[in-house]
Amino acid sequence: MNPNILILGAPGAGKGTQSEKIVDEFGVEHVTTGDALRANKQMDISHLDLEYDTPGEYMDQGELVPDEVVNEIVDKALSEADGYVLDGYPRNLDQAEHLSNITDLDVVLYLDVDEDVLVSRLTGRRVCEECGATYHVDFNPPEEEGVCDECGGDLYQREDDSEETARERIRVYDENTQPVVEFYDESGELARIDGEQTPDEVWTDVKATIEDRA
Ligand code: ADP
Ligand code: ADP
Ligand code: ZN
């Protein structure tokens, strides 16, 4: 059986970057609520009678999409996966409780990155519109500017990677998601990894931790 892996960290900590490598090495599914929601930004959620009628309106402001919407995405994705790396969920304690009711985790990774590093990572991020591979204009540039090394697709900048929205997302993370990190830390499951190393150095630690715990 493939391992069930949770990867935690602030926006820009490197979760997506390391998840790509985990998928290649361990053959698990990449379950990422951010990508799933971006593919469904215009979905009609007006029947839930919440503040906004689509996920996109929350996302463009850097706010969390309501739990009802996100939990359903995770339920479906995890039930279909033979091993996974879960990225972007849980983002608050209610989601963490929901997760504990639907699955068992083998490994909980936390990428530890200082807040002042996060904004420059987010504002320089570029993503492949074809395959989702992640780059950075300075820290991890593609061989040819604007073109994906993996598949030749065009790279784009996410709307919420503006400086203003990036800062708001970090604030929302501190308020809602930092308690989730403490929750797994107190339960003794959390493997803390220095996320300020180079991507290859982070990967060495991530891989060793998964091999050790899974
Ligand atoms: P990053 O990896 O840069 O933190 P994501 O792609 O994970 O960003 O998330 C982008 C946006 O999608 C978030 O700002 C939020 O609006 C929404 N989102 C993603 N995952 C969740 C979640 N688990 N709960 C609520 N909202 C979410
Ligand atoms: P997350 O999914 O946690 O939001 P990403 O994996 O998308 O984070 O990384 C955010 C940005 O930082 C991307 O532009 C990525 O290329 C870059 N990045 C990722 N890991 C590192 C690292 N170890 N050092 C420097 N930049 C990194
Ligand atoms: Zn690509």
Side-chain angles (χ1 to χ4, degrees), residues 6-22 30-41 52 54-74 77 85-96 98-99 109-114 117-142 146-161 165-173 176-177 180 193-206:
L6 175 62
I7 188 162
L8 296 167
K15 302 180 298 296
T17 300
Q18 296 300 322
S19 293
E20 282 173 42
K21 298 176 193 288
I22 293 172
H30 186 196
V31 176
T32 157
T33 47
D35 284 358
L37 289 167
R38 268 185 292 284
N40 292 284
K41 274 182 97 165
Y52 301 116
T54 60
E57 287 166 274
Y58 294 92
M59 297 168 80
D60 288 345
Q61 298 182 61
E63 307 306 320
L64 295 184
V65 174
D67 291 348
E68 293 96 311
V69 178
V70 186
N71 289 348
E72 199 174 316
I73 292 172
V74 170
V85 52
L86 180 58
D87 163 9
Y89 183 102
R91 264 179 152 91
N92 60 36
L93 287 171
D94 287 337
Q95 292 181 8
H98 180 78
L99 184 65
L109 304 166
Y110 171 59
L111 302 180
D112 195 357
V113 174
D114 217 63
V117 179
L118 297 172
V119 174
S120 59
R121 285 200 185 173
L122 290 168
T123 53
R125 171 159 62 186
R126 299 292 183 272
V127 183
C128 175
E129 62 180 23
E130 297 296 329
C131 75
T134 304
Y135 299 87
H136 190 283
V137 289
D138 300 316
F139 309 143
N140 181 26
V147 181
C148 179
D149 293 344
E150 304 288 325
C151 78
D154 286 338
L155 305 186
Y156 76 103
Q157 180 169 28
R158 274 169 47 175
E159 232 167 283
D160 59 349
D161 279 344
T165 310
R167 288 193 188 280
E168 174 62 7
R169 284 158 59 211
I170 294 166
R171 190 196 66 73
V172 168
Y173 171 85
N176 297 279
T177 317
V180 173
I193 287 166
D194 176 2
E196 291 189 23
Q197 307 174 91
T198 67
D200 286 344
E201 287 166 347
V202 176
W203 170 238
T204 301
D205 289 355
V206 165

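Just so you know, ligand 1 is whichever comes first in the structure, and atom 1 is the first atom listed for that ligand. All values below come from the heavy atoms of this structure, side chains included, with hydrogens, waters and symmetry mates left out.
Looking at Val65 against ligand 1, both its backbone and its side chain come within 4.0 Å, counting heavy atoms. With a heavy-atom cut-off of 4.0 Å, Leu37 touches ligand 1 through its side chain alone.
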Between Asp149 and Tyr135, is the side chain to side chain contact (heavy atoms under 4.5 Å, CB included) condition met? List the steps. CA-CA 10 Å; Asp149 293 344; Tyr135 299 87; 3.6 Å; yes
Does the pair Thr198 and Phe139 meet the rule for a side chain to side chain contact (heavy atoms under 4.5 Å, CB included), with working shown? CA-CA 9 Å; Thr198 67; Phe139 309 143; over 6 Å; no
Leu64 vs Val70, test: side chain to side chain contact (heavy atoms under 4.5 Å, CB included). Steps then yes/no. CA-CA 9 Å; Leu64 295 184; Val70 186; over 6 Å; no
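Other residues, nucleotides and ligands contribute only 12 or fewer heavy atoms inside 6.0 Å of the CZ atom of Arg167. Under a cut-off of 6.0 angstrom, the local environment of CD in Glu72 is sparse, with at most 12 non-hydrogen atoms contributed by other residues, nucleotides or ligands.
Which parts of ligand 1 touch Val70 is read off a 4.0 Å heavy-atom cut-off, strictly below it: atoms 22 (C), 23 (N), 24 (N), 25 (C). Heavy-atom contacts of Arg38 reach the following atoms of ligand 1: 6 (O), 10 (C) (cutoff under 4.0 Å). Within ligand 1, the atoms closer than 4.0 Å to a non-hydrogen atom of Glu63 are 15 (C), 16 (O), numbered from 1 in the order shown. Of all atoms in ligand 1, numbered sequentially from 1 with element shown, those under 4.0 Å from a heavy atom of Tyr89 are 23 (N).
A donor-acceptor pair under 3.5 Å is absent between the side-chain atoms of Asn140 and the main chain of His136, judged by distance alone. The backbone N or O of Val137 lies less than 3.5 Å from no partner atom in the side chain of Arg126, so there is not a single donor-acceptor pair. With hydrogens and angles disregarded, no donor-acceptor distance shorter than 3.5 Å links the side chain of Ser19 to the backbone of His30. Between the side chain of Lys15 and the main chain of Asp87, no donor-acceptor pair closer than 3.5 Å is present.
Looking only at side-chain heavy atoms (C-beta outward), Gln18 and Leu111 come within less than 4.5 Å of each other.
Remark: ligand 1 and Tyr58 share no N or O pair separated by less than 3.5 Å (distance only, no angle test). At least one N/O-N/O distance between Gln95 and ligand 1 falls below 3.5 Å. In terms of polar-atom proximity, Thr33 is counted as a contact of ligand 1, with an N or O under 3.5 Å from an N or O of the ligand.
The SG atom of Cys131 and the SG atom of Cys151 meet at the Zn ion (ligand 3) at an angle of about 110°, given to 10°.
Under the 4.0 angstrom criterion for non-hydrogen atoms, Gln61 is not in contact with ligand 1.
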What does the N/O contact table under 3.5 Å look like for ligand 2?
unit_1: ligand 2; atom_1: 2 (O); unit_2: Gly16; atom_2: N; d: 2.9
unit_1: ligand 2; atom_1: 3 (O); unit_2: Ala13; atom_2: N; d: 3.3
unit_1: ligand 2; atom_1: 3 (O); unit_2: Gly14; atom_2: N; d: 3.0
unit_1: ligand 2; atom_1: 3 (O); unit_2: Lys15; atom_2: N; d: 2.8
unit_1: ligand 2; atom_1: 3 (O); unit_2: Lys15; atom_2: NZ; d: 2.7
unit_1: ligand 2; atom_1: 4 (O); unit_2: Gly12; atom_2: N; d: 2.8
unit_1: ligand 2; atom_1: 4 (O); unit_2: Arg125; atom_2: NH1; d: 3.0
unit_1: ligand 2; atom_1: 6 (O); unit_2: Gly16; atom_2: N; d: 3.3
unit_1: ligand 2; atom_1: 6 (O); unit_2: Thr17; atom_2: N; d: 2.8
unit_1: ligand 2; atom_1: 6 (O); unit_2: Thr17; atom_2: OG1; d: 2.6
unit_1: ligand 2; atom_1: 7 (O); unit_2: Arg125; atom_2: NH1; d: 2.6
unit_1: ligand 2; atom_1: 8 (O); unit_2: Gly14; atom_2: N; d: 3.1
unit_1: ligand 2; atom_1: 14 (O); unit_2: Tyr135; atom_2: O; d: 2.7
unit_1: ligand 2; atom_1: 16 (O); unit_2: Tyr135; atom_2: O; d: 3.3
unit_1: ligand 2; atom_1: 23 (N); unit_2: Gln197; atom_2: O; d: 2.9
unit_1: ligand 2; atom_1: 23 (N); unit_2: Pro199; atom_2: N; d: 3.3
unit_1: ligand 2; atom_1: 24 (N); unit_2: Arg121; atom_2: NH2; d: 3.3

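A salt bridge links Asp161 to Arg169: one of the charged nitrogens lies within less than 4.0 Å of a carboxylate oxygen.
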